[in-house]
2 protein chains.
Amino acid sequence: MPVNSFDHYPMSWKPDKQELNRPFYKSLASLLEQHITNGYLAPGTKLPPQRELADFLDLNFTTITRAYKICEVKGLIYAITGSGTFVAPNATRSITISTDKMSNGIDLGFVASFEQTNSAVTDIIRTVANKSYLEQLLNYNDPTGIPHQKAAALNWIKGFGIQANQEQIAIVSGAQNALSIALAALFEPGNKIATDLYTYSNFIELAKMFHIQLVPIPGDQFGMLPDELEKQCSQINIHGIFLMPSCSNPTTVMISDFRKQELAEVIRKHRLLLIEDDIHAFLTAGIISDYQQPMFNLLPEQSVYICSTSKSICSGLRVAFMVFGDALREKILRAIFNINVKTSSFDAEVITELILSGKAHEIISFKKQLAQTANDIYFEYFPLRKNAGHPLSFYRWLPIDGQNDAWKLETDLKEHGIRVFHSDRFLSGQTTPEKYLRIALSTTNTFTELEIGLKILKEYLSC
Amino acid sequence: MPVNSFDHYPMSWKPDKQELNRPFYKSLASLLEQHITNGYLAPGTKLPPQRELADFLDLNFTTITRAYKICEVKGLIYAITGSGTFVAPNATRSITISTDKMSNGIDLGFVASFEQTNSAVTDIIRTVANKSYLEQLLNYNDPTGIPHQKAAALNWIKGFGIQANQEQIAIVSGAQNALSIALAALFEPGNKIATDLYTYSNFIELAKMFHIQLVPIPGDQFGMLPDELEKQCSQINIHGIFLMPSCSNPTTVMISDFRKQELAEVIRKHRLLLIEDDIHAFLTAGIISDYQQPMFNLLPEQSVYICSTSKSICSGLRVAFMVFGDALREKILRAIFNINVKTSSFDAEVITELILSGKAHEIISFKKQLAQTANDIYFEYFPLRKNAGHPLSFYRWLPIDGQNDAWKLETDLKEHGIRVFHSDRFLSGQTTPEKYLRIALSTTNTFTELEIGLKILKEYLSC
DNA sequence: CTATTTGTTTATGAACATTTC
DNA sequence: CGAAATGTTCATAAACAAATA
């Protein structure tokens with residue numbers, strides 16, 4: 001029996017010892033999972049400290065540690081030494097953003113890529129279909145890309161400041177696929193990766209799937225704070241870092257060059273593996289005056305540089321370029337064979353032809369114009385505030401006040417006919433007081449539709 | 001200090017306590033890894049029992065358990081209660097089979113798919129390229145397949161005995177991709193999956209990457225033994241089972257229908273998740289007289305059925321169909337979004353058109369003829385023995401004697417100009433006394449080349 | 001600024017299960 | 001069949017580390 005009775009003491013969770021079977025740590029973990037999943041324990045709830053619960057249940061406190069750990073790894077709870085253990089903000093549901101279209105209503109949630117430009121791709125597909133070597137694209141050969149495709153890819157990313165050779169690049173099936181490969185190849189379950197406090201929600205889910213823990217690092221308008229990264233690195237064993245320097249998703253922050261240098265120093269010092277998702281390079285390199293270079297250049301031996309063509313050229317052709325240091329090559333290639341076997345040579349060939357013909361650059365110009373117009377429209381409804389972020393971003397990050405229940409807000413807005421995503425979806429760790437909405441500008445079929453959506457949103461928020 | 005001195009006692013591994021730092025379990029694990037990797041401890045070596053090593057190092061024996069466990073999870077060693085702990089057969093190198101072509105020599109290693117048939121695909125690509133709706137294939141929509149593509153897919157697999165609806169199928173990027181998705185969606189690190197003793201080596205590597213442990217189950221000429229599966233299930237907590245019933249890779253065993261029924265009963269009883277890789281359905285359903293149905297039909301609620309078109313239709317177009325019980329749907333879709341975002345609609349459309357036009361069936365007929373011829377040639381050189389396995393298999397499983405050093409054999413044969421894979425590559429667990437070679441019949445450009453390769457092999461083996 | 005609260009890591013002892021002889 | 005060998009699992013104690021009042 002417990003030494004003390006806690007009946008008079010407020011404890012947020014009092015599991016019934018009767019319900020527990022041996023082994024206790026597993027039984028307790030599944031009971032906790034159940035109580036979180038069925039809503040009995042709400043997100044944000046502080047759980048009893050390990051020692052207190054141990055006392056209550058008359059168990060050794062490290063048994064509680066183990067039970068909590070199981071739930072933490074599943075992403076149900078998170079713990080802060082000194083403060084306590086809390087139910088995670090996204091414990092109850094998946095934050096995966098799928099491309100499933102809304103059946104009706106205006107989609108300002110999922111970020112598409114101004115699909116109007118796809119008509120320019122059809123001609124090139126026909127060109128490739130009539131190539132004499134078409135049959136050569138249909139076998140198992142060249143799993144990571146045919147040499148001339150890699151050459152075109154290298155040429156493409158040279159425009160973004162990357163210098164690499166054929167041995168250092170692989171063509172894979174889109175950025176998300178590249179991220180899966182990088183995580184599978186270079187990390188183990190239980191490893192930790194530093195990310196921005198708000199980051200790409202599918203990366204959060206992917207990390208969860210691979211049982212990799214994310215360590216949120218605060219940032220400002222120039223990007224992640226090096227001191228904060230240094231602090232975490234010196235305290236815990238961090239293995240990698242995920243960044244989108246050209247335009248972070250969802251915050252639209254572009255990491256400034258001085259900040260890149262500072263961050264690179266910390267990354268080098270602690271030997272972190274950098275995963276640089278540069279999907280927005282085409283909106284930044286050579287366009288934004290402050291832009292100098294990708295971080296890959298600063299840390300070529302310990303980085304994976306990922307450059308997808310989904311946003312910049314064509315979303316339906318699943319192609320991304322993956323560049324890596326020589327030391328990482330073997331592991332990454334093995335992961336590619338294990339996860340993909342190969343990427344469609346036909347898709348890669350169409351992208352190649354788009355690049356070589358100059359059509360890809362035309363598409364990009366058009367997309368930039370569309371992005372400019374969409375942003376102009378946005379700022380009419382939600383005027384510029386300070387630290388506005390990337391001017392050509394395909395989405396915007398709108399601060400909102402007092403909308404604490406993320407899921408209710410999303411549902412409410414859906415009833416008003418628009419889909420947007422609440423900042424809680426993008427949280428890599430604990431909750432924050434500030435709340436935002438991510439507003440996709442590149443998904444509606446027309447700008448008129450975009451305007452209608454923004455108008456509805458503005459009216460709803462000013463209520 | 002240790003109570004007894006073991007200097008007089010033969011111990012296969014005597015790590016120097018001086019080299020260990022705290023924490024001991026990690027330090028010991030990395031020392032062990034090092035000694036295995038640099039060849040100091042050869043594959044098959046029996047390590048000292050936990051208690052003995054503990055005594056020697058003057059540590060508690062569960063500290064040794066933990067160190068051994070780390071190396072076991074990495075696939076470096078394996079343990080059998082009662083017998084001891086051993087260095088794993090594939091500890092030192094990766095067994096991933098890549099599609100990288102041999103620069104010279106005859107490839108009887110990697111199993112391609114009689115790529116001669118690809119010329120039939122080029123016409124269909126041109127047809128699709130000229131479709132009026134081509135542009136609709138280039139956006140983010142329908143990540144798991146467009147409805148008419150799914151309809152064609154359902155029709156295709158109906159020929160193999162699968163009845164399912166649009167909600168139960170997804171189009172993904174090849175069988176290997178489907179396996180990644182299934183493992184990521186439905187299993188956790190540390191989970192255990194039963195497999196044949198010899199199984200698809202990229203599945204072994206994939207499982208390793210996801211830190212899923214494989215439990216080898218013996219079989220006979222009718223497939224895996226239900227009693228052995230039952231035994232393992234009642235002893236340890238097994239979560240899933242991986243089978244290739246139509247023609248196992250690499251053994252060419254087709255699971256007979258009575259055996260499927262027996263296995264299904266055990267699987268149902270222990271609530272295992274079945275992953276059924278039916279890539280060879282096109283060589284079996286409606287062709288082999290004994291064939292009745294896929295195992296998915298026996299266990300529709302707890303199975304994932306995977307049917308790739310790489311071997312049957314075209315290898316370069318990365319398409320596989322994935323069918324799943326309703327209970328698994330949500331998890332699998334989420335994994336698809338996280339790993340792939342979507343599969344190329346263009347590739348899927350070409351496969352769809354191949355199916356609808358009847359061209360796919362023509363290709364299959366041709367491949368079956370080619371397989372027949374290739375097998376006839378093979379049996380001229382290596383005459384039929386009993387329990388020969390699937391008659392139309394794209395590869396054969398050749399018993400060899402006295403060739404214990406797998407890697408040396410492979411290297412030797414490569415020097416003779418042919419590539420084959422030794423059975424050790426396909427081992428899901430401990431070593432076995434019998435040794436085999438897997439001989440791919442579907443990779444050489446011509447049958448003449450195949451004959452040359454087989455001749456070289458025969459001469460080499462009869463030396 | 002130090003004491004307290006709270007979570008983390010490591011090593012250990014005991015009970016257990018399976019295989020071998 | 002029973003004893004010995006061997007690996008597995010669980011709960012515990014102690015030392016540690018970070019955050020907070």
Side-chain angles (χ1 to χ4, degrees), chain A residues 9 11-13 17 20-30 46-73 77-86 190 192 213 215 228 230-238 429-430, chain B residues 9 11-13 17 20-30 46-73 77-86 88 190 192 213 215 228 231-238 429-430:
Chain A
Y9 200 86
M11 213 163 46
S12 58
W13 188 48
K17 176 131 194 195
L20 299 180
N21 310 305
R22 278 173 168 266
F24 292 130
Y25 77 102
K26 276 189 187 167
S27 176
L28 185 62
S30 63
K46 183 179 188 301
L47 294 173
Q50 296 173 354
R51 286 169 179 81
E52 202 167 308
L53 187 57
D55 230 11
F56 175 73
L57 293 173
D58 201 18
L59 292 169
N60 181 284
F61 81 94
T62 58
T63 305
I64 313 293
T65 310
R66 295 178 68 190
Y68 276 12
K69 198 75 199 172
I70 289 172
C71 290
E72 185 174 9
V73 165
I77 63 178
Y78 64 95
I80 302 171
T81 305
S83 309
T85 308
F86 306 85
K192 296 188 181 72
Q213 238 174 297
V215 180
E228 296 283 339
E230 171 63 42
K231 201 174 100 191
Q232 290 293 327
C233 285
S234 60
Q235 283 171 9
I236 56 177
N237 185 15
I238 296 183
Q430 64 254 45
Chain B
Y9 200 86
M11 212 161 50
S12 58
W13 188 49
K17 177 130 194 194
L20 298 180
N21 309 305
R22 280 173 167 267
F24 293 129
Y25 77 103
K26 275 188 189 169
S27 179
L28 185 62
S30 62
K46 183 177 188 301
L47 294 172
Q50 296 174 354
R51 286 169 180 81
E52 203 166 309
L53 187 57
D55 229 13
F56 175 73
L57 293 172
D58 200 19
L59 292 170
N60 182 283
F61 80 96
T62 57
T63 305
I64 313 294
T65 310
R66 292 178 70 189
Y68 277 11
K69 198 75 201 171
I70 289 172
C71 290
E72 185 173 10
V73 165
I77 61 177
Y78 63 95
I80 302 172
T81 304
S83 309
T85 307
F86 306 84
K192 296 189 180 73
Q213 239 174 295
V215 180
E228 297 283 341
K231 201 175 101 192
Q232 290 294 327
C233 286
S234 61
Q235 282 170 10
I236 56 177
N237 185 14
I238 296 183
Q430 65 254 45

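We use all heavy atoms of the structure for the numbers below, so side chains are in, but hydrogens, waters and symmetry mates are not.
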Protein proximity profile, nucleotides 1-10 of chain D - base contact B, sugar-phosphate-only contact S, no contact -, cut-off 4.0 Å on heavy atoms: -----BBBBS
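- For A/Glu228 and D/dA18, the CD to C1' distance is 15 Å, given to the nearest whole Å.
- For DNA chain C, the contact window with chain B, defined by any atom under 4.0 Å from a protein heavy atom, covers C/dT10 to C/dT20 in 5' to 3' order.
- Among residues two or more places apart in sequence or in another chain, the side chain to side chain contact (heavy atoms under 4.5 Å, CB included) test is passed with B/Phe86 by B/Lys46, B/Tyr78, B/Ser83.
- Scored by the side chain to side chain contact (heavy atoms under 4.5 Å, CB included) test, A/Ser12 finds A/Thr45, A/Pro48 as partners (sequence neighbours excluded).
- Using a 4.5 Å cut-off on side-chain heavy atoms (C-beta onward), A/Ile64 and A/Leu57 make contact.
- Partners of B/Thr62 by side chain to side chain donor-acceptor pair (under 3.5 Å), not counting sequence neighbours, listed by chain and number: B/Asn60.
- In terms of the side chain to side chain contact (heavy atoms under 4.5 Å, CB included) criterion, residue partners of A/Val215 (sequence neighbours excluded) are, by chain and number, A/Lys192, A/Ile217, A/Gln232, A/Ile236, A/Ile238.
- For A/Glu230, the side chain to side chain donor-acceptor pair (under 3.5 Å) partners are A/Lys269, A/His270, not counting sequence neighbours.
- Rounded to whole angstrom, the span from the OH atom of A/Tyr78 across to the C1' atom of D/dA18 amounts to 16 Å.
- In this view, A/Lys69 and A/Glu72 satisfy the side chain to side chain contact (heavy atoms under 4.5 Å, CB included) rule, not counting sequence neighbours.
- Taking the ring pair (Phe, Tyr, Trp, His ring centres under 6.0 Å) definition, one finds that B/Tyr25 meets it with nothing, sequence neighbours left out.
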